[in-house]
Structure formats: C-alpha cells, structure tokens
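In what follows, chains carry the letters A, B, and so on, assigned in the order in which the sequence lines appear, proteins first and then strands, with residues in each chain numbered from 1. Fair warning: this is a prediction, and the values are worked out from it, not measured in the lab.
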Amino acid sequence: MSGAERNSQGTDGAGDDTPPFRYTAGIAGDIERDWQRRWEELGSYHAANPVGPLRGQDAASEKLFVQDMFPYPSGSGLHVGHPLGFIGSDVYARYHRMLGRNVLHTMGFDAFGLPAEQYAVQTGTHPRTTTENNIERYLTQIRRLGLGHDERRRVATTDIEFYKWTQWIFLRIFHAWYDTEADQGRGRARPISELEAEFASGERATPDGTPWDELGRDRQREIIDSYRLAYLSEAPVNWCPGLGTVVANEEVTADGLSERGNFPVFRRNLKQWMMRITAYADRLVDDLDRLEWPDKVKTMQRNWIGRSQGAEVRFALEGRDETIEVFTTRPDTLFGATYMVLAPEHPLVDEILAAPEKFGEWPAGTDPRWTGGYSNPAEAVAEYRRFAATKSELDRQENKDKTGVFTGLRAVNPVNGELVPVFAADYVLLAYGTGAIMAVPAQDQRDWEFASEFGLPIVRTVDPPADFEGEAYTGDGPAINSASEATGLSLNGLSVEDAKTKVVSWMEQHGHGSGSVQYKLRDWLFARQRYWGEPFPIVYDEDGNPRGLPEDQLPVELPEVAEYSPRTYDSEDADSQPEPPLSKASDWAEVELDLGDGLKHYHRDTNVMPQWAGSCWYQLRYIDPDNDERFVDPENERYWMGPRPDRHGANDPGGLDLYVGGVEHAVLHLLYARFWQKVLYDLGHVSAEEPYRRLYNQGYIQAYAFTDSRGVYVPAEEVVEQDGKYFYGGEEVNREYGKMGKSLKNSVSPEEMADAYGVDTLRLYEMSMGPLDASRPWATKDVVGSHRFLQRLWRNVIDERTGEVRVTDEEPDVELLRALHKTIAGVREDYDALQFNTAVAKLIELNNRVTKAYSGAVGPPRAVMEPMVLLVAPLTPHLAEELWSRLGNERSLVQGPFPVADEEYLVDDTVEYPIQFNGKVRSRITVSASAEQEEIRAAALADSRVVELLGGGEPRKVIVVPGRLVNVVG
RNA sequence: GCCCCCGUAGCCCAAUCGGCAGAGGCGGACGACUUAAAAUCGUCGUAGUGUCGGUUCGAGUCCGACCGGGGGCACCA
C-alpha cells in the first residue's frame, strides 16, 4: 500500500480502540458543521456599512476590505489548489476581525463567459441554468472551507440587478470624453455634455473652424462621437473566424492565435466598440508608483503600456510635396540616419500603388540588391507587399531575416540636407509610432542587419568604448560625425542625453519635428459577437447613429434566442463576417422608443460586452450589493475604499486593502479595472483613484503526474516510489510536474481531504506548506502532519478518554510564559506579513513544548492554552471556536480577543553568546542580558578556550555584536 | 536574444541589519503502547546552502561570472 493511499484514509480509518474523544476526522466534521451553522445564525461575518440596508454600528470601527479575485464558477469542481488564495485571504481577514476591525470579505462570481454558452450550443440548456447550477455547486464547495464571507454581499455578473449597473457604467463612459488639458495637463474625463457646451459657446473651436451652429446635426454628432471614451470604430481588429467573434489585443497570443481555443486571428477592418484606454496611458503608468503591488506585476503593466519618450521628425521627399514622419527614441543619432523604412502597409505605399506612373523608374545607378529584380519601383513595392502579407505572425517571429525593397523615393535628412533612400520593409510595423522609421544602423541592431544586407552606409554617431566589439552600439558616449555646415547644427562631443535635448529644440525651432511620446497600448476592443454577456445599452436610429439609452430603460435584458452560438467559420476563413447571436432575436432588436424626440424606430446593438466588464467594478458592488438607487452609495464607497492618507501616506490613491489572486491577471483584468476606476473617479462617482491599493499574488499548488510507456496518464495516487523511480501496477512510469487536473489523473479535491482529516486540517496544511506567494507541489502524505498538530493541541485541552477539559488554573512558570509571549509577538508579526507558514511553525513549537511538559496526569495551565487557541483561530477557526467554548467562553471568538504580547516576557535575563575565533565558533559564554559591550568582551577573552587559542598573545581585534556573538581575531 | 524571480537535509520549507546553518512538517531509524497491526506518543540522524571567484573579522544573505528551474517580453524604432 502506498503512503498516499494509506494516509488518504485519514483518521476515519482509526481502529475501535481509538479514544472516544480524540480529534478525528469524524469529530472535526461534526465541529465544523456545527460552527458553520452557528456563525450563520449569528451573522458573524456580516460587515457593517455606514449607511443603507447593511448599515451597522461596527462601521464606526477601523475597516479592512479584503478581496479575492473574482472566480469563474466552473462546472468541473475545485481541486485543492484553487482555494489556496481564498484561505490565505480568510486567515488575514479573520486575524483583523479578531483585532477589532470591521472586515469586508465576500466572494461573488464572474459568471458570464464562453463555457456555459458552449454547453448551451451542445445541449440546448440555457446558459443561465448552467451558470446558476455551477454557482450553487461552487458555493457548496467553498462554504465547506469555512471561509468567513459575508453571504449577504455575494453577487454574480449575470444577475440582472448587477449587469444593469454594468450597463449604467458603460453609459457613463459612453457619455464622457477625455479633456487632456484638465488638471494641469494630466487630463480628466468629463461629461460629454460639457464638450458640447464648449463647442456651442465657441470656447472650443470645431475641427475645421466652422461655427458649431452652422454644422448640421449629423456633423455635430459625428464630432461629438469622435471624442467619446466608448466609441464605435471602423478599425483593424482581431477577427477570429473559428470563434465567430472579434477579440482584444490582449487575448491574442504572440503566435497570432486566440488565447481561447487557439484559432488563427486575422486583422480585419470591422466596425466595433472601443474603449479609449489610451487616454489614460500616462496615469496608468504613473500611478503604479502609488500602489503596493508586486514589482513583477508593475513591470508587466509598464511593458504592456510601453511608454517611450522620443521625437517625431519630418523628412521632406525629394521632388515631392509629401513628407514622411517618423518616431524615434534616438533623435540624437539623426546624423547617422542613412536610409528610411516604411511599413509595407504605410499610406505612402498605397499612393505608389494607386498611381504607379507618378513613381517612374529606378534612379540611375540603383543597387541591384534594392530592386528585388523588378523593373520599376511600383511593381517591386506591390510584389513586396504581397510577399509581406503572406507571412504569418509566426513566420515573422521565427524568421528575422531582413527583407525589403527600395521605393525609388529619396528623403532629405533635416539635420544635414543629405539624401537618403526610402525602403519598404516588414521589420517596421504600421501599428507602432508612425509606421515609418529613420534607420540608424550604427546605433540600432535591426537597422545594422538591414544595412549590411542591402549595402547601405553605416555612420557611427556615438563613439563606442575602445573595447567595444559588437555591431550596433546602443550605449552612451560622446557624439561624433554629427555636424553639418549646411545647417549649422553640431552635436559633436555631447552625451546622448544632451544631444537629444539640443537636437529636439533645434528641430522645434526649424519646424522639422518635436518631442513626442509613444505607447504600445492600443484602445480596448470592447465588443464580442456572443450570447452570454451583457447587452449594450445602445440603440441605432434610422441613420445608423448610436444612441445611449436613458437610465430608466435599464437593464437591457438578454433576450431568449433559439441559437446561442454566433456563426463560426472555418478557422482560416479570414474574409468571413461576424454574425452575433442577438442579431437573430429580431423581436428584441427592433424597437419603438421615445428618446426625447418622439416615438421612433430603433435597432438595438446586438453585440455583448467582453467578460472583463463585470470584473472591472465588482468591488464597488460588494460594498453596496442591494442598492437599487445607485451602483454604490458614495458614503459607503468612501468608507471602504476612500484614500486614507493618515494610514497610507499623503499619496494614497485609495482602493481596497488587500487583493489576493493569481499573477495571470497582471495585465488584462488589472489594467481594465484600473481604467474604469479612474473614469468613475474623474466623473465624481467614486473617491478612490485606484481599485486595489495592495495586491498579493498567491502561488500555485502544482502536482506530479505520471504517464506509462504509451504516454497515457495513470492515477497518481496509486503510483509507488522505489529508489527514485516510480511504478504503477509494477510497471515503471514517467513523472511530470505541473498542473493539477482531472485529465492528468492527479487531482485531489478539498472534499477528499476534508473527509479524511477535517477542513481545519486542510486549511492549516495549505497555509503551512510554504510561503503563500510560492508555488509548490501538493503532497497528500504530508497533510497528516498538520492533523497531528491539531490532535496534540486538542489533547492539551480535552481529555481524549473522558472528553473533560484538562486545563488547570495553575500559573505557568516564567520560562513557559516567555515562550508564550514570544509566540504571540512572532505570530502577530507573521500574520501581518501574510507569512502563515512561519506562524504555524511557531504555534507547533509552542504546543510541542506544552505537550512535553503536561502530557501526564496534570493538564496545562489555562493561561497558556487560552491564548494559544486564540492564536490558531484564524487558521483553524472551527477547532478554535470549539475549544474556546469548551474552555468556558460564551462568546464566539470571531470578533476577538486576540492575545497581546507582554514586553516583560520578551527579554531574557541572560544571553548565551557563541564565541568565534577567526570566524569559527569555538566556545560559548553566558552573560547577563544587560551586560555592556565591555563586559561581554572581557568575558569572552577570559573564556578558557579563547585563552588557549590565543596562546598568550593579544587578539588583533575583537568584534562584539550585542545580542548576537563575539568574534575574536587572533 | 533581453529582463525578472528562485536554487538550503531524501522531500516541502525556516534562518531579522551580513553574526551559532535549522523553526516546523513529511519520510526514515529506534523505542513506548498493543497478542499483533494501524493509530497515537517519544527519541534520533541527515545538508555546509547549485558551481567558481571576490568583498568582509565573519557570506545562505552583498558583488561578478557560470550552471539549473520558473516567469515575462520579443523586429515597439
């Protein structure tokens, strides 16, 4: 029998002679059911709001808002890895509740999404039915874990009352624009009505200067629409025929496949809803500095937003009126720009193709490598563009050989008037910057490679160090070859930074360009052609103009449909068209409404919002789940999320106090949610500038999986280890490390563990197996260790044979008091820092000490066991409540008290110092804790072993580290 | 290719400001209880911190190079 198998029987497999009152899985289960029922009756986890239906006295206390990342209620059930973060946040929340804080901790469901819809397509079951069943099942599982959630605050994004407010927020965003001038140029969202008023009053000029009144209604609407933070755009989007929907940039993998389903994604021009998240790019980057988040996540967001400082430079074209504008981060290297490159899809390339006759022949003496073998530029460019279009993202990624073709055009380098050839090449991307670059081979490796391929000149303009052996040099150094008599500009001798400053101001003076900032971040594609999502609160009038519905017409409920699936296509069919399922519900989509200008016919928007919509604001609904007047009451919002400069510093942006979840949401959810929060803040609906003040990424519980010689997974719990090899049914199997999952046959459910040991044991084990933020392998056989600790703790309080309480009223001796108070101090510190594994170790240590001293007829002192029960309560709340109550306490310990360490017992009378001789421990001395350095030094030098080692000589040096050690250097 | 994190006992993990390498758990060995086993309880090992070099009175901790594992980014001008 393998260890895993034996231990998974847990303590229910105990024999008949098990003492009747031992803490076994059976007793644990009884206690857990009992206390969960009592907590529910008492409303123990109800958090009080300042106002509204959940108003309560406790709202006078200091608050703590703890949140777990919104789970998707999957139908497949939880394994032991899922609740790791949930338990961690629960322990933290319970600890603070015991300290007297008003703690808001609950959990709702991000319940829209593809799985329920796909199930509906297969079986005809309504997604709502599937979703609600899954939520019930999920709740059954997490309730058993004894998480202290406020059940009154549970929400699901699919609740009509919830998505009504998601639609309401969408309308706020739709009816807003970004005033880049506001707040000293930082920018702020403002209601669109204010923009219209500015145009109407003439305070703001219209795009072409025509007075507002003279513009037609349609033109006015067009201008206004172009400012909205949620807007319709006919722009290249990621069309995924295999899914039948468009997806966001963030949902496309680097290989150009959809994150969900792995289908090819194509860039297509389609009319779609977009969110102007780019307006917030600077604030989204800058405010990261105000957050207590892991650096890793901040870095990922910074990279994703991709802000880079540089300059835009205009190059005139020889013999033509057009100019080419480029973005560069290295304007200091302009003198080294020896050619230019356009993306193959650049508009100027379009012009060449549209009117080839104007672009003539190759200039005399054109290098044959530049022509691609074609007889004129237009032909070469057309062929090159065709070639570039056939390359998939994957090809581009794998094959970084530089290709390109000369366009026949030449541009004038503004700093020295020299003519440089213009190429089309696919190493330049249309989507970034201006879609064109100035190429500086000496200071850019990509340009170096292209220049080498095409025989273009390479001019160093930054002097590399003498020992530099590479090709392009991107480091700092004095500028060289950077002067022109023709323009009078010289950068020679300047550092990179100074040269940038000088050349930018020179360009600004001479009208060649200006400083500029570019971002990788693109606007957020906000529509999906699916069924199971929030409908848009938008209708189109007969001219096809979008109109936001008035608030009193919310919610726009999802209609019943015969077909839940959008039309999907062959995954390679790039030219197919999206057909959302809602478009088939014509009774719903075609409506007669009065939007203020009489009853008219409108057509509803038939897209739905992406799954991220609900999770952008759910923390606000947790605060005020039953409010039907507003999405959240401002007073409740201020209490739970408002900035607390007194606690968190003057720069505190506000937000909930602890957000626990996986690092996989580093960019998507966390960026979108920050964006919505900022819009709501700008519009005055919330007081916090950020949704999540502190973020903590829990690690993952992973597991070993085993495959046989055919590569088929075998049940992991039946695999036995022998001499470092693994066997299943006598055959050697191969071990893999990774995820836990049903298909890998290595899944362990929380129920199995709870049945075998009780839920408190499972909670304790998960918290003790390592730091919360570290990933580690699950080991069922180790769980018993946590269970044994709880048994010993129980046994110190309860007599296993009689069930009587064994504690005495005897005073503990001073040594035990010291141990107790050190444990109290240490455990508090560990709980504060979310270091639950070391807190558990300290508690086990103390308990082992008590066990050793009081395992006989005399029980341990109450004065030790009561605090110990309280200390362990956040980790194992059911067991702790039971012992607390059996110790004669009538009130539940959920609201405390929590032990306070007595300083008196934290210091020892004497300290033992190790004595090092030349860095190696050779002896020990014990001195009074109050001894001065001189005394310690003298005692150390008087030590017989030290005297011996010194051999009568004088020490060269003696280092005394108070409280630590003494090092004698001989 | 670039950036970030991590390598401590057979395994999971501790170790404060650079100060005695070990808190805790699993496994193992031995013992107690038992007719016996399981369960329970008790006692006890095991590494010199991935490798090499440096700084220091002193390095798991700081610095450099390399090796191994994990993650992020990847023609972003």
Side-chain angles (χ1 to χ4, degrees), chain A residues 3 6-7 9-11 13-15 17-19 22 24 254 294-297 299-300 303-304 306 308 310 326-330 333 341 396-397 399-402 425-429 431-440 443-447 449-450 518-520 663-664 666-667 721 724 737 764-765 768-771 773-786 788-789 791-792 795 800 826 829 835 837-845 847-848 851-852 855 912-921 924 955-961 963-970:
Chain A
R6 189 171 63 237
N7 286 310
Q9 295 177 350
T11 47
D17 53 351
T18 300
R22 173 166 291 175
T24 57
D295 286 337
K296 180 189 168 79
V297 176
T299 305
M300 283 165 74
N303 288 343
W304 186 261
S308 53
V326 302
F327 174 74
T328 176
T329 55
R330 294 295 303 276
T333 63
V341 184
R396 277 194 160 196
Q397 208 183 306
N399 188 354
K400 291 190 175 167
D401 288 346
K402 297 290 178 290
D426 69 354
Y427 81 94
V428 172
L429 311 172
Y432 187 74
T434 60
I437 61 158
M438 60 178 223
V440 188
Q443 275 88 226
D444 183 297
Q445 187 59 32
R446 296 156 300 180
D447 297 343
E449 286 160 17
F450 189 88
Q518 284 290 326
Y519 305 88
K520 280 201 285 181
V663 73
E664 71 271 18
V667 178
E721 191 201 332
Y737 180 60
L764 184 75
Y765 173 65
S768 67
M769 62 197 288
D773 57 0
S775 294
R776 51 254 144 100
W778 178 261
T780 294
K781 67 180 175 59
D782 291 3
V783 179
V784 69
S786 296
R788 284 183 193 142
F789 162 56
Q791 286 188 325
R792 289 194 298 271
R795 193 179 300 122
E800 288 188 330
E829 227 170 84
Q835 284 161 2
N837 54 326
T838 50
V840 173
K842 290 179 173 92
L843 288 164
I844 293 175
E845 196 180 0
N847 190 58
N848 285 350
T851 304
K852 193 179 269 184
S855 60
E912 190 187 62
Y913 281 85
I915 310 297
Q916 293 186 342
F917 191 81
N918 290 339
K920 298 226 186 304
V921 178
R924 283 161 200 286
R956 277 201 286 146
K957 200 171 178 184
V958 180
I959 294 130
V960 178
V961 185
R964 292 273 174 215
L965 53 52
V966 181
N967 189 9
V968 180
V969 185

> Kindly say whether A:Pro771 contributes a backbone atom to a donor-acceptor pair with the side chain of A:Arg776 at under 3.5 angstrom?
yes
> Pick the C1' atom in B:rC17 and in B:rU56, then give their distance to the nearest Å.
15 Å
> Please give me the minimum heavy-atom distance between A:Gly435 and A:Val428, naming the atom from each residue.
O-CG1, 3.6 Å
> Using a cut-off of 4.0 Å on non-hydrogen atoms, how would the nucleic acid contact of A:Thr299 be classed: base, sugar-phosphate, or nothing?
nothing
> On a whole-Å scale, what distance lies between the P atoms belonging to B:rC6 and B:rA23?
24 Å
> Take the protein atom OH of A:Tyr427 and the nucleotide atom C1' of B:rA77, then report the distance between them rounded to whole Å.
8 Å
> For the P atoms, the ones on B:rG25 and on B:rU40, what distance do you get once it is rounded to whole angstrom?
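Looking at atom P only, B:rG25 and B:rU40 are 13 Å apart.
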> Taking atom C1' in both B:rC57 and B:rC52, what distance in whole Å separates the two?
24 Å
> So which nucleotide does B:rU16 pair with, by the Watson-Crick or G-U wobble rule with both distances under 3.5 Å?
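Here B:rU16 is not engaged in any pair, so there is no nucleotide opposite it.
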> What integer distance in Å separates A:Glu800:CD from B:rU40:C1'?
8 Å
> Taking atom P of B:rC3 as reference, at what distance in whole Å does atom CG of A:Asn303 sit?
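After rounding, the gap between these two atoms is 13 Å.
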> Measure the distance from CG on A:Asp773 to P on B:rG71 and round it to the nearest whole Å.
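It is 16 Å, rounded to the nearest whole Å.
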> From NZ of A:Lys781 over to C1' of B:rC13, roughly how many Å is that when rounded to an integer?
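Taking atom C1' of B:rC13 as the reference, NZ of A:Lys781 is at 13 Å.
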> Taking only the C1' atom of each, what is the distance from B:rC41 to B:rC33 in whole angstrom?
8 Å
> Heavy atoms only, 4.0 Å cut-off, all strands: where does A:Lys402 land among base, sugar-phosphate and nothing?
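Base, at least one base heavy atom under 4.0 Å.
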> What is the distance, rounded to the nearest whole Å, between atom CD of A:Glu449 and atom C1' of B:rC75?
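Going from CD in A:Glu449 over to C1' in B:rC75 covers 9 Å.
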> Nucleotide by nucleotide, 5' to 3', does protein get under 4.0 Å of the base (B), only the sugar-phosphate (S), or neither (-) in nucleotides 15-25 of chain B, counting heavy atoms?
-B--BB--BSB
> Using atom P of each nucleotide, how far apart are B:rC20 and B:rC73 to the nearest Å?
41 Å
> Between B:rG53 and B:rG60, how far apart are the P atoms? Round to whole Å, please.
15 Å
> Would you indicate what A:Thr851 reaches in the nucleic acid, counting non-hydrogen atoms under 4.0 angstrom: base, sugar-phosphate, or nothing?
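Counting heavy atoms under 4.0 Å across all strands, the contact made by A:Thr851 is with sugar-phosphate only.
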